[in-house]
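One structure below.
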Amino acid sequence: MCRMFLFVVIQLFVSLYAQRDKKFFRKDYKYIEETDSFYKIHTIHKTWQDAKAACEMEGATFFYPEDETEVNAVIDFLNKTQPFHWVYVGISDLLVKGVFETVDSIPIADVYNKWDAGEPNDLGGNEDCVNLRINGFLNDDKCDKKHPFICKKKRSMLEWNQFCYIPNMDYSYNENLGKCYKFHLKPRTWADAYVICNAEQSYLAVIDSPAEADYLKELTDKTSKDNIRGDYLRGAVLLGFHNRTGDGWKTIKGSPLEDSGYSKWGNQQPDGGVNEKCGSMFYNGRLNDINCSTKAFFICEHDVDILGSIFDERNAN
Ligand SMILES: *[C@@H]1O[C@H](CO)[C@@H](O)[C@H](O)[C@H]1NC(C)=O
Ligand SMILES: *[C@@H]1O[C@H](CO)[C@@H](O)[C@H](O)[C@H]1NC(C)=O
Ligand SMILES: *[C@@H]1O[C@H](CO)[C@@H](O)[C@H](O)[C@H]1NC(C)=O
């Protein structure tokens with residue numbers, strides 16, 4: 001009861017403070033006043049496709065400049081904070097050669113489109129992805145080259161999950177457990193699932209108690225997964241424990257699985273030896289070892305530390 005009351009009071013507080021006008025998206029994004037948008041410069045170089053996917057995973061868009069104001073503001077931010085002389089932008093002619101469009105299918109003529117002298121030149125016949133040089137001009141480049149890039153979120157597009165204290169609306173709050181969860185229906189390998197949860201400011205779910213195991217089983221049962229085609233393991237969902245370091249089963253938080261509050265293995269499990277070093281849960285709630293290169297559904301979670309989050313937000317911009 002007491003916890004419930006506190007939660008309602010805190011939610012009231014959050015709803016007053018956490019709206020769009022707070023100008024907060026994520027701790028790792030910087031708000032720029034001139035464009036009323038949030039930006040993150042990714043310093044780990046990626047191919048154009050991987051850059052696009054990374055922005056989507058963060059609930060953002062692969063940045064491209066919409067106009068002169070934005071190109072100036074973003075180049076200024078880039079120049080002040082990073083040593084890069086160019087970044088990939090969300091423009092390509094991958095769909096139809098010679099027709100450059102943004103990642104959201106806007107013709108380049110309708111956004112910022114100043115090419116550098118002699119560009120685009122489709123050098124070697126395979127330059128289909130666009131980068132922005134620090135001099136403010138665009139250039140076509142090979143999509144499989146790895147470059148830094150920028151992700152963007154417009155403040156007007158921000159939808160705030162007030163209960164989970166993140167922008168992802170598809171996380172749902174469980175009041176009794178004090179955590180937010182998302183069941184991912186696109187099957188992935190354990191490591192890819194780990195990356196996705198991390199990009200969503202969460203982590204691969206770790207079961208702390210029998211009550212949480214019951215809830216994850218219930219969440220799994222009620223999620224409709226019959227129509228998901230493809231090559232993946234049916235019957236288990238990936239969770240945040242492993243024996244990848246070879247020194248026994250432990251959670252991704254580092255504690256031995258047997259001390260985690262829930263370690264009920266399924267019948268005869270674990271049974272995979274060195275070929276199955278990643279953790280999953282059968283649909284019946286029992287744990288199972290799984291080949292780390294096997295794709296399956298997975299669940300991400302995060303704790304809801306509302307007061308801590310507000311503190312972060314105050315210090316963000
Ligand atoms: C980058 O910053 C330096 C130092 O402030 C400045 O001299 C230079 O003109 C800037 N370059 C661009 C492209 O804005
Ligand atoms: C963890 O993996 C190592 C091999 O990498 C294996 O020797 C060991 O038995 C495994 N531990 C458990 C508890 O299964
Ligand atoms: C399982 O793991 C082994 C070794 O890591 C690998 O060679 C094999 O292809 C995997 N099998 C499947 C079905 O993913």
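Counting starts at 1 for both ligands and their atoms, following the listed order. Keep in mind it's a predicted model, so treat the numbers as computed, not measured. Both backbone and side-chain heavy atoms feed into the values below; hydrogens, waters and symmetry mates do not.
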- Heavy-atom closest contact (T251 atom, S260 atom, distance): CG2-CB, 3.6 Å
- Message: Looking at non-hydrogen atoms alone, which of V274, L257, N243 comes nearest to atom 1 (C) of ligand 2?
- Response: N243
- Task: Output yes when K179 and E212 qualify as a salt bridge under the 4.0 Å nitrogen-oxygen rule, no when they do not.
- Result: yes
- Query: Quick check, are the ring centers of F297 and Y232 under 6.0 angstrom apart?
  - Reply: yes
- Shortest non-hydrogen contact from Y283 to D221? O-OD1, 4.0 Å
- Item | Smallest separation among heavy atoms of Y203 and D303, with atom names | OH-OD2, 2.9 Å
- Item | Approximate separation, where rounding is to 0.5 Å, of E58 CD and E200 CD | 10.0 Å
- Query: Does atom 9 (O) of ligand 2 have any protein heavy atom closer than 4.0 Å?
  - Reply: no
- Message: For the 3.5 Å polar cut-off, considering only N or O atoms, please tell me whether N79 and ligand 1 meet it.
- Response: yes
- Query: What atoms in ligand 2 come closer than 4.0 Å to a heavy atom of W249?
  - Reply: 12 (C), 13 (C), 14 (O)
- For atom 7 (O) of ligand 2, what's the nearest protein heavy atom and its distance? G246 O, 4.8 Å
- Task: Give the atoms of ligand 1, by number and element, whose distance to some non-hydrogen atom of I134 is under 4.0 Å.
- Result: 13 (C)
- Item | Protein contact to atom 5 (O) of ligand 2 [nearest heavy atom, distance to 0.1 Å] | K277 NZ, 2.6 Å
